[in-house]
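Everything below concerns the one structure shown next.
Counting convention: from 1, in listed order, for ligands and their atoms alike.
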Amino acid sequence: MKIKIVKVLPKYLKPKPDQSKLGFGKHFTDHMFTMKYKEGEGWYNPVIEPYQLLQLDPTSMCLHYGQEIFEGLKAYRGPKDEIYLFRPMENIRRMNVSAARLCMAQMDETVFFDALKQFVVLEHEWIPREPGSSLYIRPTMIATEPALGVHPSSEYLFFIIAGPVGAYYAHGFGPTKIYVSQEYVRAAPGGTGNIKAAGNYAASLYASRIASDMGYTQVLWLDAKENKYVEEVGTSNIFFVIGDELITPPLGGTILPGVTRDSVLKLAVHLGVKVTERRLAIDEVIEKIENGTLKEAFASGTAAIISPVGQIFFRNREYIINEGRTGALADRLYSEILHIQYGIAEDPFGWRVQIA
Ligand code: COI
């Protein structure tokens with residue numbers, strides 16, 4: 001599929017933001033990729049064009065029934081100005097899994113990858129040089145059929161936008177404080193917790209606001225059935241170091257199969273750490289904090305990569321982990337992953353994809 005390219009005239013290119021103050025999700029590049037889908041015709045009109053507002057009919061189905069999915073991945077600038085993506089095929093495949101679950105159109109993996117590559121290469125000047133910064137890429141698909149009957153849309157818009165980012169959290173790489181929600185859940189068995197559906201994030205906001213009003217960074221979600229087992233933290237996967245073992249809940253349909261989660265698991269094994277995927281009750285977490293065997297906790301995600309957890313709030317009590325400091329394994333994994341992503345370290349897994 002040939003992608004048409006309509007470039008912004010040089011005089012209209014946006015000024016680049018100060019790389020030391022990027023934050024997350026505040027600045028966007030000059031262009032975007034779009035492609036449309038219609039039942040019976042398939043995908044058509046792939047184009048990289050100037051970043052612009054979308055024109056949508058008010059009855060576009062995404063606005064009413066939530067058929068909207070997205071992905072998040074990053075492009076990194078290497079020491080010799082090479083450009084890398086990190087495991088992009090994982091995001092591409094996961095987007096198709098998300099699409100299938102919400103009865104949305106499937107995309108050809110090669111077309112998706114080609115769009116991603118051409119778009120990022122065109123926007124290469126936006127990939128920041130500041131250590132720890134990158135270009136965050138947001139592929140998104142929305143249902144655009146103008147109709148109000150509840151059924152899978154027959155039309156879709158797929159777009160890719162991107163913007164330079166620094167640390168996800170304002171405090172950068174440092175311990176977060178998390179709040180265990182007992183009243184609200186993120187995902188139930190048979191639901192959509194294992195896909196990147198926009199609605200999952202909308203449903204998480206209320207509990208996140210409670211946590212944030214109480215001074216916590218994120219919510220630690222428990223399972224919906226028994227309100228007992230740890231599932232995820234905020235928009236990330238969760239890990240605990242108990243004794244010398246790295247433990248994370250297994251993917252069981254309610255947990256997002258994070259690309260960083262999978263990378264942490266593989267890297268930890270490579271580093272000789274004992275890794276276990278098993279259900280972990282919040283009571284066990286508390287007991288092991290209290291008896292001193294729980295040494296570290298951290299979250300993993302594309303945006304923050306690794307976020308150490310320094311405090312947990314549960315049943316009106318505050319529990320401190322590792323004296324509120326970043327643990328040695330979190331620190332090690334963070335720098336190992338970062339070095340692979342930036343082309344500084346060996347990549348024994350073949351995760352890095354050089355696109356320029
Ligand atoms: C990630 O870190 O993987 C995310 O999806 C975070 C994003 C929702 C901001």
Side-chain angles (χ1 to χ4, degrees), residues 22-29 66 68-76 85-99 101-102 116 132-142 159-174 176 178 186-187 192-209 211-212 216-221 231-239 248-249 251 254-267 297-309 330 333-334 337-338 340-341 351:
L22 289 173
F24 182 87
K26 294 188 201 152
H27 309 280
F28 298 96
T29 66
E68 182 191 341
I69 54 172
F70 68 92
E71 272 301 325
L73 71 161
K74 288 172 169 173
Y76 305 86
L85 297 176
F86 184 71
R87 309 186 72 185
M89 295 317 289
E90 300 300 318
N91 296 91
I92 291 174
R93 285 186 206 115
R94 189 172 64 184
M95 188 132 187
N96 271 336
V97 172
S98 299
R101 176 65 177 84
L102 294 194
L116 202 56
S133 63
S134 55
L135 185 77
Y136 184 77
I137 309 162
R138 173 54 62 88
T140 308
M141 195 199 296
I142 59 174
F159 61 87
I160 307 176
I161 52 169
V165 297
Y168 182 65
Y169 295 116
H171 65 264
F173 179 68
T176 52
I178 61 177
R186 179 187 165 275
T192 57
N194 61 337
I195 62 159
K196 238 168 149 56
N200 292 345
Y201 295 80
S204 76
L205 296 176
Y206 195 82
S208 302
R209 190 163 65 185
S212 152
Y216 292 88
T217 333
Q218 286 284 9
V219 172
L220 181 66
W221 302 102
E231 296 227 311
E232 281 192 36
V233 58
T235 60
S236 312
N237 296 115
I238 182 85
F239 289 84
T248 196
L251 302 175
T254 54
I255 292 177
L256 189 80
V259 178
T260 315
R261 174 189 182 276
D262 184 70
S263 309
V264 164
L265 290 175
K266 294 198 164 91
L267 197 55
F298 60 87
S300 74
T302 299
I305 309 175
I306 301 284
S307 342
V309 174
L333 289 165
Y334 178 71
I337 293 178
L338 223 68
I340 294 178
Q341 290 172 330
W351 286 337

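In this structure, atom 3 (O) of ligand 1 lies nearest to the protein heavy atom Thr302 N, 3.1 Å. In terms of protein heavy-atom proximity, atom 2 (O) of ligand 1 is nearest to Ala303 N, 2.8 Å.
For the residue pair Arg101 / Thr192, no side-chain donor-acceptor distance below 3.5 Å is found, with atom types taken as modelled. Residues Glu231 and Thr254 bring a donor and an acceptor atom of their side chains to less than 3.5 Å of each other.
Every N/O-N/O distance between Ala304 and ligand 1 stays at or above 3.5 Å. Note: an N/O pair closer than 3.5 Å links Lys196 and ligand 1 by distance alone.
Side chains of Ile340 and Trp351 form a contact here, defined as non-hydrogen atoms less than 4.5 Å apart.
Near Thr235, with a cut-off below 4.0 Å to any heavy atom, the atoms of ligand 1 are 6 (C). When each atom of ligand 1 is checked for a heavy atom of Tyr201 under 4.0 Å away, the hits are 8 (C). Each of the following atoms of ligand 1 lies closer than 4.0 Å to a heavy atom of Phe24: 9 (C).
Distance alone, capped at 3.5 Å, places no donor-acceptor pair between the Arg94 side chain and the Glu71 backbone. Judged purely by atom type and a 3.5 angstrom limit, Thr176 uses its side chain to pair as donor or acceptor with the backbone of Pro308.
Using the six-membered ring where Trp is involved, Phe298 and Phe239 have ring planes that are parallel, under 30° apart on the 30 and 60° scheme.
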